[in-house]
Amino acid sequence: MGAALARRYARDRQVAGWKHADLDVLFPARVREAVRAQDFKTLIYTAGITSVDYCEEHPEESRLTNTETPAVLAEVCAEKGAKLIHISTDY
């Protein structure tokens with residue numbers, strides 16, 4: 001989803017994106033450092049784990065990906081006066 005959004009929005013504005021190999025969301029402190037170093041007005045987070053069964057089987061990974069990293073992103077966006085769009089599930 002993130003790649004599709006980046007392609008779509010890159011037509012109209014400057015877009016930067018990270019792949020999992022570039023920035024692992026299981027390390028919120030690293031995410032904080034990388035995101036703070038960027039200049040942006042809107043951040044779209046699409047890395048959440050959407051499989052409920054997987055989340056139940058991997059609670060720590062789920063917590064980091066779906067709770068801790070989005071919290072870090074919200075903090076950085078608040079510092080920068082930027083918007084955060086967090087795309088997740090309805091569960």
Side-chain angles (χ1 to χ4, degrees):
M1 177 181 285
L5 287 169
R7 281 191 305 273
R8 165 57 186 92
Y9 287 110
R11 294 181 213 156
D12 305 325
R13 57 194 52 89
Q14 185 177 356
V15 173
W18 288 289
K19 297 176 184 173
H20 177 77
D22 300 326
L23 186 62
D24 191 339
V25 298
L26 295 179
F27 299 93
R30 292 182 194 165
V31 171
R32 176 183 285 113
E33 291 175 27
V35 173
R36 272 190 179 145
Q38 301 297 312
D39 183 30
F40 59 92
K41 295 178 183 174
T42 303
L43 187 148
I44 303 173
Y45 182 69
T46 62
I49 300 172
T50 59
S51 170
V52 174
D53 292 336
Y54 186 90
C55 289
E56 289 176 352
E57 294 168 8
H58 302 90
E60 182 62 12
E61 181 180 348
S62 175
R63 184 185 66 75
L64 289 166
T65 304
N66 294 341
T67 304
E68 294 298 319
T69 293
V72 163
L73 296 174
E75 290 171 13
V76 174
C77 285
E79 291 169 5
K80 292 179 170 283
K83 295 176 185 175
L84 170 63
I85 300 171
H86 178 190
I87 299 176
S88 188
T89 71
D90 61 347
Y91 285 102

Asp22 CG: over 12 foreign heavy atoms closer than 6.0 Å: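 More than 12 within 6.0 Å, yes.
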Heavy-atom closest pair, residues [X] and [Y]:
X	Y	result
His86	Asn66	CE1-O, 4.0 Å
Leu84	Cys77	CB-SG, 3.9 Å
Thr65	Tyr45	O-OH, 2.7 Å
Gln38	Ala34	CG-O, 3.4 Å

Step-by-step side chain to side chain contact (heavy atoms under 4.5 Å, CB included) determination, Val31 to Trp18: CA-CA 10 Å; Val31 171; Trp18 288 289; over 6 Å; no
To the nearest 0.5 Å, how far apart are [atom1] in [X] and [atom2] in [Y]?
X	Y	atom1	atom2	answer
Leu26	Glu61	CG	CD	5.0 Å
Glu56	Ser62	CD	OG	9.0 Å
Ile85	Ile44	CD1	CD1	4.5 Å

Residues that Phe27 engages under ring-ring contact (aromatic ring centres under 6.0 Å, His included), provided they are two or more places apart: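 Residues passing ring-ring contact (aromatic ring centres under 6.0 Å, His included) with Phe27: none at all.
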Presence of salt bridge, Glu60 and Arg63, under 4.0 angstrom: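 Salt bridge between Arg63 and Glu60, a charged N being under 4.0 Å from a carboxylate O: yes.
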Shared hydrophobic cluster, Leu23 / Leu64 (ILVMFWY, side-chain heavy atoms < 4.5 Å):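 Leu23 does not cluster with Leu64.
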Arg36 backbone acceptor or donor facing Lys80 side chain under 3.5 Å: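 Answer holds: yes.
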Heavy-atom donor-acceptor pair, Thr69 side chain to Val25 backbone, under 3.5 Å: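 Yes, Thr69 side chain to Val25 backbone: donor-acceptor pair under 3.5 Å.
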